[in-house]
Trainee: 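Okay, here's the structure, questions in a sec.
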There are 2 protein chains.
Amino acid sequence: MASEPKNGHAETQERILHAAERLFAMQGYDGTSIRDITAEADCNVAAVNYHFGGKDKLYVETFRRLLVDLRDRRIVSMRRDMSAVSDPSLEYFLESFANAFLEPLVDGSRGRLLLSFFANEMTGNHLPKDLFLDEFIRPMVQVTTEGLQQTGPPLDPMIARMCMMSIVGQLLHTLKGLPFFSNPKGPPLVPTELGDHIKHVVRFSAAGIRACAAPMEAS
Amino acid sequence: MASEPKNGHAETQERILHAAERLFAMQGYDGTSIRDITAEADCNVAAVNYHFGGKDKLYVETFRRLLVDLRDRRIVSMRRDMSAVSDPSLEYFLESFANAFLEPLVDGSRGRLLLSFFANEMTGNHLPKDLFLDEFIRPMVQVTTEGLQQTGPPLDPMIARMCMMSIVGQLLHTLKGLPFFSNPKGPPLVPTELGDHIKHVVRFSAAGIRACAAPMEAS
DNA sequence: TGACTTTTCAAACACTTGTTTTATACTGCC
DNA sequence: GGCAGTATAAAACAAGTGTTTGAAAAGTCA
């Protein structure tokens, strides 16, 4: 087993993962052929099957790495923010969460890749079902509802999670819809700056959360 | 040109559209072969190219029909609700919108198809770019911000549209996330009933909207 | 009926897919 | 040196893709 890079560029295995990351993200699973990948990784078609045992296995491995990386970046970012001030406000938490949530998805080219990767996987379903829930959703739900209950008004846990869903939904929709709405032929329908949307979501959601804590008025 | 159904089942053209609708929705563009479609439509492979001029054209036509149908159902439903009462409240509008938005996506099998179709298209991008924006987004934005400004507090148009984005984001995320969150091995993380989520979104968003109308406090 | 168009069909075409085979280089070890 | 084990490569494989062809069938209208 050679442990040194060969003539300047990385191991074949790593080159394949890199190429796969980019191509799966941009073109989806079905849209990417093994030959696309091996061409970009500058190796033979057989290499994928040799090193990973098939296209599907390569896909899962590629996605798993991205998923874990994203999760950890978010959690670290939030924990850092939350321990930076004493007695953080609800608005502070929401902004920290929004940034931790969005930052890895928009910074540089890797962010766009991740976002695109997720979008593709959402519909394609080429992953083992539990990978996503166990390795990604649950930890995020855990740490976020925690922060919410720490900074916000007292909330029933289930309602707290629905509030987090409301926020995540807004953020995701903003990310997906922004290029759509902000650059048509006419004047933009909504602000073009992501920061403006974050401010809006924070304001909108802080009020929403507080309303969910208030006793329900008869309707 | 035969204008009568032939021996009991519809014209080939219509049968193809029907099958395409179902298959494109469930398996996406790449995941569906012409042979899949023609097998389900009970006709020859060549029929697709004869009647539609290619797989891509068939896809666009299939999607266009669904899109227009969905848009009209939503708009009709909202207009009906809004003219059913005099001086409707913000909460009333929000609930009407949420129902008009979700109903076509969850009723019976066709709703699920539509939802799945949309999800697939979001990532696949097999449509002419303007079709979606011009025939779908703009009319919806028009009628919804209208209703919002009619029932809610006075809002800057751009802020009104951001509020609508907030609501749509929540609804879409609920729809996508609900099967995920509500049926794991353990106890459900959030309510399993869509109606409970709608109530939450209405409450959450009404407060959010009112907060967006209030003059911004210094932060 | 017979000419004419529209529609259907089986077959073939040219191409891409994921995977496997077979052979060749390279590694470290004795 | 020779001999494992690992890694790469070219070629071939079987299956599936969208599309086209050319002929047969069905339908239309004089």
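Atom set for the values below is all heavy atoms of this structure, side chains included, hydrogens, waters and symmetry mates excluded. Everything numeric here is computed off the predicted structure, so don't read it as measured data. Here is the naming used below: chain letters follow the sequence lines, and residue numbers restart at 1 for every chain.
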Trainee: According to ring-ring contact (aromatic ring centres under 6.0 Å, His included), who are the partners of B/His18, at least two apart in sequence or on a separate chain?
Mentor: none

Trainee: Using the test ring-ring contact (aromatic ring centres under 6.0 Å, His included), find all partners of A/Phe101 that sit at least two apart in sequence or belong to another chain.
Mentor: A/Phe97

Trainee: Once salt bridge (charged side-chain N to carboxylate O under 4.0 Å, His left out) is applied, do any residues pair with A/Glu61, and if so which ones, sequence neighbours excluded?
Mentor: A/Arg64

Trainee: Side chains of B/Glu146 and B/Gln142 only: does a donor on one sit below 3.5 Å from an acceptor on the other?
Mentor: yes

Trainee: Tell me: CG of A/Asn49 to P of D/dA9, nearest whole Å?
Mentor: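 Going from A/Asn49 (CG) to D/dA9 (P), I get 15 Å.
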
Trainee: Between CD1 of A/Ile159 and CD of A/Gln149, what distance do you get to the nearest 0.5 Å?
Mentor: 10.5 Å

Trainee: Could you list the residues that satisfy side chain to side chain contact (heavy atoms under 4.5 Å, CB included) with A/Ala100, not counting sequence neighbours?
Mentor: A/Ser77, A/Met78

Trainee: Show the distances under 3.5 angstrom between N or O atoms of the protein and N or O atoms of nucleotides 21-24 of chain C.
Mentor:
none

Trainee: Rounded to whole angstrom units, what separation is found between the CG atom of A/Leu23 and the P atom of C/dT17?
Mentor: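 Rounding to the nearest Å, CG of A/Leu23 and P of C/dT17 are 12 Å apart.
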
Trainee: Under 4.0 Å, heavy atom to any atom of DNA chain C: which of residues 53-64 of chain A qualify?
Mentor: A/Gly54, A/Lys55

Trainee: What is the distance, rounded to the nearest whole Å, between atom CD of A/Glu11 and atom P of D/dT6?
Mentor: 14 Å

Trainee: Can you measure A/Phe52 atom CZ to C/dG18 atom P for me and round it to whole angstrom units?
Mentor: 15 Å

Trainee: Excluding sequence neighbours, so at least two apart, what forms side-chain hydrogen bond (donor to acceptor under 3.5 Å, both in side chains) with B/Asp36?
Mentor: B/Ser33

Trainee: Quick one: B/Asp42 CG to C/dA10 P, roughly how many Å, whole number?
Mentor: 10 Å

Trainee: Counting only heavy atoms and a strict 4.0 angstrom limit, can you tell me which residues of residues 31-40 of chain A come near DNA chain C?
Mentor: A/Thr32, A/Ser33, A/Ile34, A/Arg35

Trainee: Is any side-chain N or O of A/Thr12 closer than 4.0 Å to OP1 or OP2 of D/dA7?
Mentor: no

Trainee: Considering just the side-chain nitrogens and oxygens of A/His51, establish if one lies under 4.0 Å of OP1 or OP2 belonging to D/dT8.
Mentor: yes

Trainee: List in chain and number order the residues that pass ring-ring contact (aromatic ring centres under 6.0 Å, His included) with A/Tyr92, two or more places apart in sequence or in another chain; answer none if no residue qualifies.
Mentor: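 Result, ring-ring contact (aromatic ring centres under 6.0 Å, His included) vs A/Tyr92: none returned.
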
Trainee: Taking only residues two or more places apart in sequence or in another chain, which ones pass side-chain hydrogen bond (donor to acceptor under 3.5 Å, both in side chains) with B/Ser166?
Mentor: A/Gln170, A/His200

Trainee: Run the side chain to side chain contact (heavy atoms under 4.5 Å, CB included) test against B/Pro104 and tell me which residues pass, sequence neighbours left out.
Mentor: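 If we apply the side chain to side chain contact (heavy atoms under 4.5 Å, CB included) test to B/Pro104, skipping adjacent residues, the hits are B/Leu70, B/Arg73, B/Arg74.
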
Trainee: For C/dA10, does either OP1 or OP2 sit under 4.0 Å from a side-chain N or O belonging to B/Asn44?
Mentor: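 Affirmative; the distance criterion is met.
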
Trainee: Kindly write out the residues that satisfy ring-ring contact (aromatic ring centres under 6.0 Å, His included) with B/Phe93, not counting sequence neighbours, or none if the list is empty.
Mentor: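 Residues passing ring-ring contact (aromatic ring centres under 6.0 Å, His included) with B/Phe93: none at all.
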
Trainee: Expressed as a whole number of angstroms, how long is the span from B/Arg15:CZ to C/dT8:C1'?
Mentor: 10 Å

Trainee: Between D/dT6, D/dA9, C/dT7, which nucleotide gets closest to the side-chain atoms of B/Tyr50?
Mentor: C/dT7

